[in-house]
Structure formats: C-alpha cells, structure tokens
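Scroll down for the structure; my scribbles are underneath it.
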Amino acid sequence: MTKGKFITLEGLDGSGKTTQIKRLDAWLRERGHVTTLMRQPGGTATGDRIRELLLSSKSAGIAPMAEMALMFADRAQAITEVIRPSLEAGKVVVCDRFTDSTEAYQGGGRELGSEVVLELHRVICGGLNPDLTLMLLPDLEPSLERARRRNQKANNTAGPDENRFELEADAFHRRVWEKYHEIARREPGRVVLIEGALGIEDVHQRIVAAVSECIAKQ
Ligand code: TMP
C-alpha cells in the first residue's frame, strides 16, 4: 500500500501543462507537502535517452508498436526508480503524462486501440494508477498552434529537437483529442476534465480544488 499521492497531468501538446505543473508544485510546497515532479517520457537517466529517441524528428521510421513499447519501457524505469519510492516515502508525485498519453497518442492517434495499451499497462505498471488525473483540453486549434510555434522557436534557437509528434497531421491530433475525451467519460472518478478557453488562473483554481479534495481523502 502506497502512502503518498500520485497525480498526473494530461493533455495535448500546447495545452499549458508545464505552466500549471509549476504553479501546482509551488502551491503544494507552500502547504508543506514534499513533491516529486516527473515527466514522461523522461525523468530518469535511461528515460531521458528514450525520450530523445522518441521525440526527435530523426526517428521518422519508428513503427507504432515500437513507439508504444518504448513509452512503456520509459514508464517501467520511471516507476521503479522514482515513482514507487517517492510514493512509499509519502510524497506527492506530480507526473506530466502517464498511461493516458499512451492510450490517447498510440491507442488513438496511431490507431492501435485502447485494449493493447491497457493490457500493457496492467502487466508493466503492476496496478499503479493515478489517484487523480487532471486533463487539460483547451480548444484543439489554439493548442496545436502554440505547440508548433514553441517547437519552431526551439529549432531556431538550437533547442532540443522534440518535433516528431507536433509534425503529425491535424487528423492525428484530433484522434488524440477524441481518445482523451473517451478516457474522461470512462473514468469520471479519477479524471477531472478542464476544457475550453480558460485563463491560466482559472485553470489553476480548478486544479487546486481537485488536488485539495484528493489529498484530503485517506
Ligand atoms: P511533452 O513532454 O512535451 O508533453 O512531449 C511528449 C510527447 O510525447 C507528446 O507529443 C506526447 C507524446 N507521448 C506519447 O505519444 N505517448 C506517451 O505515452 C507519452 C508519455 C507521450
């Protein structure tokens, strides 16, 4: 039995997760919680190498099944090295993406379907499910534009080459978006859906309301 809380943030690229995670982390720390911040793919030495392989636009030929397997390889490492030990130490783990991303991007976007993702999750993640998932789904078009602008800027300034998913066609991102909605409908007890054109402060307030409730539960 784990003692901490496992909170994940999900959403399309450009949905504002990074800003919200920083604000949530500050909010938790101000209230005396010890936090561990993670992101997927990445967050461990092995995971960062897998991230580079997965997100680089040079990896154009990766088969969808290989892509999914690498996402789970990264996750297995993150669980063993960081997530489980942090939860056992009573910390609040805030993770930028988890298995819902694999279901949305590989299951939905790549059309591998949910079943294979959920089966791999069962085997590889050994029953580790988030206590709370905050799903940020602002309108599709503005999120995509933001993500593409950000990557263009990173390319111009010799930042990391993490373009591969943003280069996908709009139809791919629409399938991701639809799969996220399907997950939210299927698991209303775990997933809090934050939709539409809300400001940063409004989204933060919704997040802290949901997190307060989650933390208060034993
Ligand atoms: P991000 O760290 O900037 O959110 O980028 C990670 C990218 O990887 C994002 O485009 C979503 C994608 N991804 C998947 O396709 N499947 C997964 O399981 C995860 C964790 C991420």
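Counting starts at 1 for both ligands and their atoms, in listed order. These numbers were taken from a predicted model, which means no experiment stands behind them. Each residue takes its place number in the sequence, starting with 1.
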Original post:
Considering only heavy atoms of Gln40, which atoms of ligand 1 have at least one such atom less than 4.0 Å away?
Top reply: 20 (C)

Original post:
Are any of the heavy atoms in Arg39 under 4.0 Å away from ligand 1?
Top reply: no

**OP:** For the pair Glu10 and Thr133, evaluate side chain to side chain donor-acceptor pair (under 3.5 Å) and give the outcome as yes or no after the intermediate values.
**Re:** CA-CA 7 Å; Glu10 292 285 349; Thr133 296; over 6 Å; no

Subject >> Side-chain touch Arg164/Leu54, heavy atoms, less than 4.5 angstrom >> reply: yes

Original post:
If you measure every N/O of Asp13 against every N/O of ligand 1, is any gap under 3.5 Å?
Top reply: yes

Original post:
What is the nearest protein non-hydrogen atom to atom 14 (C) of ligand 1, stated with its residue, atom name and distance?
Top reply: Met71 CE, 3.2 Å

Original post:
What is the nearest protein non-hydrogen atom to atom 16 (N) of ligand 1, stated with its residue, atom name and distance?
Top reply: Gln106 OE1, 2.8 Å

Subject >> Residue pair His173, Glu168: steps toward the side chain to side chain contact (heavy atoms under 4.5 Å, CB included) verdict >> reply: CA-CA 7 Å; His173 294 284; Glu168 287 295 333; 3.8 Å; yes

**OP:** Of the side chain and backbone of Arg75, name the one, both, or neither that has a heavy atom under 4.0 Å from an atom of ligand 1.
**Re:** side chain

**OP:** Please confirm whether Lys17 comes under 4.0 Å of ligand 1, counting heavy atoms of the residue only.
**Re:** yes

Subject >> Identity of the nearest option to atom 3 (O) of ligand 1, non-hydrogen atoms only, from Arg97, Met68, Arg51, Glu166 >> reply: Arg51

**OP:** Have a look at Thr102, Asp96, Leu55 and point out the one with the heavy atom closest to atom 18 (O) of ligand 1.
**Re:** Thr102

Original post:
Which bit of Glu10 gets closer than 4.0 Å to ligand 1, counting heavy atoms only: side chain, backbone, both or neither?
Top reply: neither

Original post:
Please walk me through it: do Arg97 and Thr8 pass side chain to side chain contact (heavy atoms under 4.5 Å, CB included)?
Top reply: CA-CA 6 Å; Arg97 303 189 178 281; Thr8 59; over 6 Å; no

Original post:
Got more than 12 heavy atoms from elsewhere within 6.0 Å of CD, Glu213?
Top reply: no

Original post:
Hey, are Lys91 and Thr35 close enough side-chain-wise for a donor-acceptor pair under 3.5 Å?
Top reply: no

Original post:
Are Thr44 and Gln77 linked by a side-chain donor-acceptor pair shorter than 3.5 Å?
Top reply: no

